[in-house]
Number of protein chains: 2
Amino acid sequence: MTPLTIKVACSNCNLRELCMPMGLSDAELDRIDDVVASRRKVKRGGILFRNGEKFTSLYAIRTGFFKTCVASEDGRDQVTGFQMAGEVMGLDGIVNDYHTCDAVALEDAEVCVMPFDRIEELSREINSLQRHVHKIMSREIVRENGVMLLLGSMRAEERLAAFLLNLVQRLHARGFSQSELVLRMTREEIGSYLGLKLETVSRTFSKFVDDGIVEVKQRHVRILNAESLKDIVNPKVCD
Amino acid sequence: MTPLTIKVACSNCNLRELCMPMGLSDAELDRIDDVVASRRKVKRGGILFRNGEKFTSLYAIRTGFFKTCVASEDGRDQVTGFQMAGEVMGLDGIVNDYHTCDAVALEDAEVCVMPFDRIEELSREINSLQRHVHKIMSREIVRENGVMLLLGSMRAEERLAAFLLNLVQRLHARGFSQSELVLRMTREEIGSYLGLKLETVSRTFSKFVDDGIVEVKQRHVRILNAESLKDIVNPKVCD
DNA sequence: CGAGAGATTGAAACCAGTCAAAAAGGGTGG
DNA sequence: CCACCCTTTTTGACTGGTTTCAATCTCTCG
C-alpha cells in the first residue's frame with residue numbers, strides 16, 4: 001500500500017537532477033530536505049513576490065512557468081526572465097533584503113519555499129550545497145550577460161531566433177520536444193523581454209513562417225529548421 | 001618608525017568600507033586578510049582574465065578602472081559593465097569553472113587576487129563573510145536587471161543620462177566630485193555598453209551640451225544640471 | 001611636427017515604433 | 001451549445017529614431 005501523503009522532500013522530487021539538490025550525495029540529500037520549508041501554489045496570473053516586498057526565501061519551481069519583471073519609477077517595465085521547473089527565483093532579494101522585481105505565474109504553478117537563512121546555515125556545513133548556491137547565482141549573472149548582448153547588439157530577427165532556441169533547449173532538458181513548444185507568454189511579454197514591441201514580435205514570427213523556418217499557430221510553435229534559426233542568431237561571415 | 005613595507009592586507013586598505021571586508025568586525029578582518037593571496041598589476045589595455053580562461057579567483061579592484069565584455073561567436077561584442085575601485089570581478093566564472101567574459105583595464109590598475117576556494121572555505125566559518133559574498137553576487141544580478149531595463153526600453157538620451165548619473169554616483173561614493181568626472185572609456189565603449197553606436201553617443205553628448213545640461217571637453221564631463229538628467233531618465237508624466 | 005586614434009558632424013537609409021483596424025481565439029453566461 | 005465580449009494577435013501605412021557611410025576635426029603621443 002502506498003502511503004496517503006508523500007513526504008514533501010527533495011529526495012523524492014523528480015526535479016532533483018535539475019534543481020537545488022543537483023550533485024548532492026544521498027546523505028546530503030536527506031539533510032537538504034529540511035531546507036524546503038513548505039510548498040506554495042500560485043494561480044495563473046498570481047504573484048509569488050513583488051518589488052519592494054521583504055525578502056525571506058528563494059523559490060524553486062516545481063511546476064508551472066513564471067516571468068520576472070522590473071519596473072522603473074515612471075512605470076516602464078521590462079520582463080527580465082522566464083523561469084520554468086527546476087529554476088530558482090528570488091536571488092535579487094538578497095542584497096537589500098527586499099525584492100526588486102515581480103515574479104508572476106504565467107500558468108498555475110507550485111514552488112518550493114526555501115528560507116534563505118536556512119540555506120545559508122546548511123551551506124556552511126555541506127560544501128557541495130554551498131558550491132551549488134554559488135553556481136546558481138553565477139549562472140544567473142552569466143545568463144543576464146547573454147541577454148545584455150542580445151538587447152545591445154541584435155536585430156529583431158536575431159533576438160526572436162535566440163529566444164526560441166533558448167526556450168526549446170531548456171524545455172528539451174526537461175524531457176520535452178526539441179522542435180515543438182507552447183509559449184506560455186503573450187507577444188507583449190516576449191517583446192518586453194526582447195526589447196521589442198508586440199507588433200514587431202508578431203511580424204517577425206510571420207516572417208519566420210513565410211521563410212518556412214517555423215510553424216506558428218497562436219502559442220503553438222513548431223521549429224521546422226533549427227539550423228536556420230542558429231544561422232540567424234550567429235550569421236556566418238563568408239569572406 | 002614606520003616599517004618599510006606595509007603588509008598587504010584588507011585591514012589597512014582604505015577601501016575596506018566599500019570592498020570585500022565591508023561589515024566585518026576587526027577580528028574577522030584579520031582572518032579575511034588570508035583571503036587576499038596576492039596583488040596583481042594590470043597595465044592600461046591589459047587583460048586581467050579572458051573568455052574561456054580557467055576560473056580560480058575573484059578580483060577586487062584596488063586602483064584603476066576596468067570594463068568587462070562578452071562576445072558572441074560571430075564576433076559581435078558587448079561591454080557588460082565598467083568596474084571601479086572596491087568592486088569585484090570574476091563572478092561569471094563560478095558556474096562553469098571558466099570565465100565567460102574578458103576583463104580589460106582601461107587605465108593602469110591593481111587588483112587583489114582572492115582564490116575562490118579560500119573564499120568558500122572562510123565563508124563557511126565567518127557568517128558575515130558568507131552573507132557578504134551572497135550580497136555581492138545578488139547586487140550584480142540586480143545591477144544587470146537595471147541594465148536590461150535600460151537596453152530594453154530606453155531611448156538614446158535616457159540611456160546616456162542614466163549612465164552618467166550612475167557613474168557620478170559611484171564616483172561620489174568614492175570621494176570624488178558629484179558633478180565632475182573623467183570618462184575612462186571611449187565613445188565606442190560607452191556605446192557598446194548602452195547598445196548604441198559611437199556616433200549616437202557623440203550626438204547625444206552634443207545635444208546635452210546644447211541644452212546646457214553638461215559641459216563636455218573630450219573625456220572630461222561636468223554636470224551642470226543633474227535634475228535635468230534625472231528628468232530625462234524618468235520623464236514625469238503630467239496629466 | 002606628423003601620424004594615428006578618437007570624436008564630431010552631416011546626409012541618407014533603414015529598422016522598429018506608432019497608430020489604427022480587423023481577425024482570431026477563449027471564456028462566460030444565457 | 002451558441003452568442004457575445006474581451007483579450008490577444010495580425011497586418012497595413014506611416015513616422016521617427018538610430019544606424020550607416022563619409023568627411024572633417026581634435027587631441028595625444030612618439
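A, B, ... follow the sequence lines: proteins, then strands. Residue 1 opens every chain.
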Whole-Å distance, B:L198 CG to C:dG6 P, equals 10 Å
Measure from CD on B:E199 to P on D:dA23 and round the result to the nearest Å.
14 Å
Between P of C:dT8 and CZ of B:F208, the distance in whole Å
13 Å
Taking the six-membered ring of B:F82 as reference, does the cationic atom of B:R184 (NZ for Lys, CZ for Arg) lie under 6.0 Å from its centre and within 45° of its axis?
no
Under a 4.5 Å cut-off applied to non-hydrogen side-chain atoms, are B:T200 and B:T204 in contact?
yes
Please pick, from C:dG25, D:dC27, C:dT18, the nucleotide with the shortest atom-to-atom distance to any side-chain atom of A:K197.
C:dT18
Nearest-Å distance for atom pair CZ/P, residues A:R155 and D:dT18:
17 Å
Interatomic distance, A:R187 CZ vs D:dT7 C1' [rounded to whole Å]
13 Å
Which residue, A:Q218 or A:R159, contacts DNA chain C at a nucleotide closer to its 5' end, judged by nearest heavy atom?
A:R159
Between P of C:dG17 and CG of A:L194, the distance in whole Å:
11 Å
To the nearest 0.5 Å, atom CD of B:E87 lies from atom CG of B:L15 at 10.5 Å
Once you round it to whole Å, what is the distance between P of C:dA16 and CG of A:L151?
13 Å
For atom CZ of A:R44 and atom C1' of C:dG27, their distance in whole Å:
11 Å
May I ask you to decide if B:A103's main-chain N or O and B:T68's side chain share a donor-acceptor pair within less than 3.5 Å?
no
Of A:R203 and A:R219, the one whose closest nucleotide on DNA chain D sits nearer the 5' end is A:R219
When you measure from the side-chain N and O atoms of A:T200 to the phosphate of C:dG17, is any distance below 4.0 Å, counting only OP1 and OP2?
yes
Out of C:dT8, D:dT10, C:dA16, minimum distance to the side chain of A:V216 belongs to D:dT10
Sidechain-backbone polar pair: B:N96 side chain, B:Y98 backbone, donor-acceptor under 3.5 Å
no
Looking across every strand, which nucleic acid part, if any, lies under 4.0 Å from A:G195 by heavy atom: base, sugar-phosphate, or nothing?
sugar-phosphate
Check every strand shown and say whether B:T186 touches a base, only sugar-phosphate, or nothing at a heavy-atom separation below 4.0 Å.
sugar-phosphate
Can you see if the side chain of A:S206 gets near the phosphate of D:dT11 - specifically, an N or O under 4.0 Å from OP1 or OP2?
yes
